[in-house]
Amino acid sequence: FSFDITTGAATLGLYHGFTLDPVTGAIRIEPSVDMTSFFDKLTTTETLRQVTLDCAVIGHYVFNPREANPWVATALKIVLRDDSCWVNTTAWFRDIAGDIQIEATSEADCRSACRNVSNCTHFKWNSTVGECVFPRVRCDAGASSCEEVAAIEKVTDCGDRKTCFYLNYTDNWDYSGEYCPQVDSGFNGIAYRRVSVTPEDTLWLAPFDSHRDANCSAGQYLLRRTDAQKDFQEKFSAVAEFNGEVIACLDFGGDLSSLVLVRGSVDVSVVSGPSTSSVRATIGTASCPAPNITEVVAATLGEQGEVEGFVVDPLRLDDSSTVDADDFSLHPCSCFPVEWGLNPPVVDESFQDVPPESNNQFYPKAFQIVEGEYTCEADATNFITITFPQVEEESEVPALCDDSCLSFDNCTYFFAGKA
């Protein structure tokens, strides 16, 4: 670590970490994107690699330059974190002998290579022979031509306000599941939510609040149900109130997000609530989507030595209440799998609207449902009014209104016009 007292630039291993203004004392935490190389070389077993700087801030009061003057000091802790997590895992892969092998001389080089390849999800470093491999094709446990591999999984965009974790509540499966950061409840910390099919099964894991909660202590978390009528969350002002039934009080041994991200997994103590043999929290990783049926069939035919050139027909279902064949359609709010292609019930217009490489997961364009001199009683509860005084062309208003609507979570309709 080095600090330039003239420019106020602080560096770690030649990589820029932060800047301290020598005149005003303002600090800007702005680590260089190249610092990932520094993180890769750290000798640590932490899932989320980080560097902690314990600094001291000293202020001098110059009243009389000829005498000793008073001064004050306080501690300042700066934590610089990697933006990816690296989770030790064991998974089944198809024969990794034929997978991508990278030239590397150390685990740090292997990690850096995986970081810089967008489709690298795991890497395996064999220190005995100096081999770096990127396992690619996952398969079911025990499947033929597959083997169990101990590897390191890459979790991109990893952070305390972005990454979910999995809670395994043994003997009480209905409390287990994936909990994701939902709202920052002020000084208490981040509250996590497990989304379920019904509101009754949606659960919150919220930090203890001494002004509201009982049967728990500071630093612990309450597992509680959702109260749709009384719960309140406001992301922008970091205000959250939870009033649902308390199920259990859990002690993670510290700040939940920091512990899980750094260690990868944490054993949890049940202070109060349903008895269980164990509770464990592990960092959430990306799940495997539905397989590409075309590639699977192609690989199977290739292994059997059959002739190339084939067509995989999509699964077609029939609505028995109509005379047309194979006319079962999706619900209007459902998304068709991109593997269906331009085959019924997918129409050309819908297929063309899908952005490339989006897997049909995107925000669709707004479409007009009514036009003319229609009015609604606009009130502050149900309507948000936005004006564009500097827009001269009325034709530009709908597009601007559409963009504004996308910035609100609860905006599903908008009116655009000129008054």
Side-chain angles (χ1 to χ4, degrees), residues 47-48 85 87-92 138 140-142 148 153 155 158-185 188-233 240-289:
T47 302
L48 178 61
C85 289
V87 183
N88 287 295
T89 187
T90 301
W92 285 80
R138 293 285 294 270
D140 294 331
E148 192 174 19
E153 183 173 2
V155 181
C158 189
D160 54 0
R161 287 170 173 78
K162 299 178 181 179
T163 305
C164 304
F165 72 92
Y166 187 85
L167 186 70
N168 184 11
Y169 205 116
T170 309
D171 306 323
N172 292 277
W173 61 267
D174 48 334
Y175 305 146
S176 301
E178 188 178 57
Y179 289 76
C180 295
Q182 184 68 20
V183 63
D184 195 330
S185 57
N188 294 320
I190 301 173
Y192 299 81
R193 185 174 66 165
R194 188 199 73 174
V195 179
S196 187
V197 177
T198 62
E200 292 78 10
D201 291 330
T202 299
L203 302 179
W204 284 95
L205 191 61
F208 170 77
D209 188 337
S210 59
H211 299 92
R212 177 191 62 225
D213 304 323
N215 302 324
C216 218
S217 303
Q220 299 173 349
Y221 289 76
L222 286 95
L223 181 65
R224 61 196 316 158
R225 300 191 185 278
T226 298
D227 189 327
Q229 301 297 325
K230 298 180 180 179
D231 285 352
F232 174 79
Q233 299 89 41
E241 294 182 2
F242 306 100
N243 299 278
E245 174 194 356
V246 175
I247 299 172
C249 177
L250 305 178
D251 188 352
F252 292 83
D255 179 66
L256 170 57
S257 59
S258 298
L259 288 173
V260 175
L261 290 179
V262 173
R263 299 180 185 176
S265 62
V266 176
D267 290 322
V268 186
S269 300
V270 179
V271 180
S272 62
S275 60
T276 178
S277 56
S278 67
V279 179
R280 190 173 181 83
T282 57
I283 189 171
T285 57
S287 59
C288 291

Any residue meeting side-chain hydrogen bond (donor to acceptor under 3.5 Å, both in side chains) with [X], in chain and number order, not counting sequence neighbours:
{"X": "Thr202", "answer": "none"}
{"X": "Ser277", "answer": "Asp171"}
{"X": "Asp227", "answer": "none"}
{"X": "Ser196", "answer": "none"}

Please evaluate residues Ile190 and Arg161 with respect to the criterion side chain to side chain contact (heavy atoms under 4.5 Å, CB included), reporting the C-alpha separation (whole Å), side-chain torsions for both, the decisive distance (0.1 Å), and the verdict. CA-CA 8 Å; Ile190 301 173; Arg161 287 170 173 78; 3.6 Å; yes

Pairs touching residues 261-276 that satisfy salt bridge (Lys or Arg N to Asp or Glu O under 4.0 Å), sequence neighbours left out: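 Passing the test, one end in residues 261-276: Asp267-Arg280.
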
Which residue pairs pass the salt bridge (Lys or Arg N to Asp or Glu O under 4.0 Å) test with at least one member in residues 242-258, sequence neighbours excluded? Arg225-Glu245

[X] versus [Y], closest heavy-atom pair with distance:
{"X": "Pro274", "Y": "Ile247", "answer": "CD-O, 3.3 Å"}
{"X": "Leu261", "Y": "Cys85", "answer": "CD2-SG, 4.1 Å"}
{"X": "Pro207", "Y": "Ala191", "answer": "CD-CA, 4.1 Å"}
{"X": "Asn172", "Y": "Ser275", "answer": "ND2-O, 3.4 Å"}
{"X": "Tyr192", "Y": "Ser257", "answer": "OH-CB, 3.0 Å"}

When rounded to the nearest 0.5 angstrom, what is the spacing between OG1 in Thr226 and CG in Asp201? 9.5 Å

Inter-residue atom distance Thr47.OG1 - Asn88.CG, 0.5 Å rounding: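 Reported to 0.5 Å precision, the distance equals 7.0 Å.
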
Check the pair Asp231, Trp204 against side chain to side chain contact (heavy atoms under 4.5 Å, CB included), reporting the backbone distance first and the verdict last. CA-CA 11 Å; Asp231 285 352; Trp204 284 95; 3.9 Å; yes

Leu223 vs Tyr221, test: side chain to side chain contact (heavy atoms under 4.5 Å, CB included). Steps then yes/no. CA-CA 7 Å; Leu223 181 65; Tyr221 289 76; over 6 Å; no

Quick check, are the ring centers of Tyr169 and Tyr175 under 6.0 angstrom apart? yes

Side-chain touch Val183/Phe242, heavy atoms, less than 4.5 angstrom: yes

So do Leu222 and Asp209 actually touch side chain to side chain, heavy atoms under 4.5 Å? no

Counterpart residues, salt bridge (charged side-chain N to carboxylate O under 4.0 Å, His left out), relative to [X] (two or more places apart):
{"X": "Arg193", "value": "none"}
{"X": "Asp174", "value": "none"}
{"X": "Glu148", "value": "none"}
{"X": "Arg194", "value": "none"}

Donor-acceptor pair, Arg224 side chain versus Gly244 backbone, under 3.5 Å?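 Indeed, once roles are kept as given, a pair shorter than 3.5 Å links the two residues.
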
Donor-acceptor under 3.5 Å (Thr276 side chain, Ser278 main chain): yes

Given side chain to side chain contact (heavy atoms under 4.5 Å, CB included), test Val87 with Thr282 step by step and report yes or no. CA-CA 10 Å; Val87 183; Thr282 57; over 6 Å; no

Set of side-chain contact (heavy atoms from CB on, under 4.5 Å) partners for Asn168, sequence neighbours left out: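 For Asn168 the side-chain contact (heavy atoms from CB on, under 4.5 Å) partners, ignoring immediate neighbours, are Tyr166, Thr170, Ser176.
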
Going by the rule side-chain contact (heavy atoms from CB on, under 4.5 Å), which residues pair with Ala281 if we only count those two or more places apart in sequence or in a different chain?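 Residues passing side-chain contact (heavy atoms from CB on, under 4.5 Å) with Ala281: Phe165, Leu167, Phe252, Val260, Val268.
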
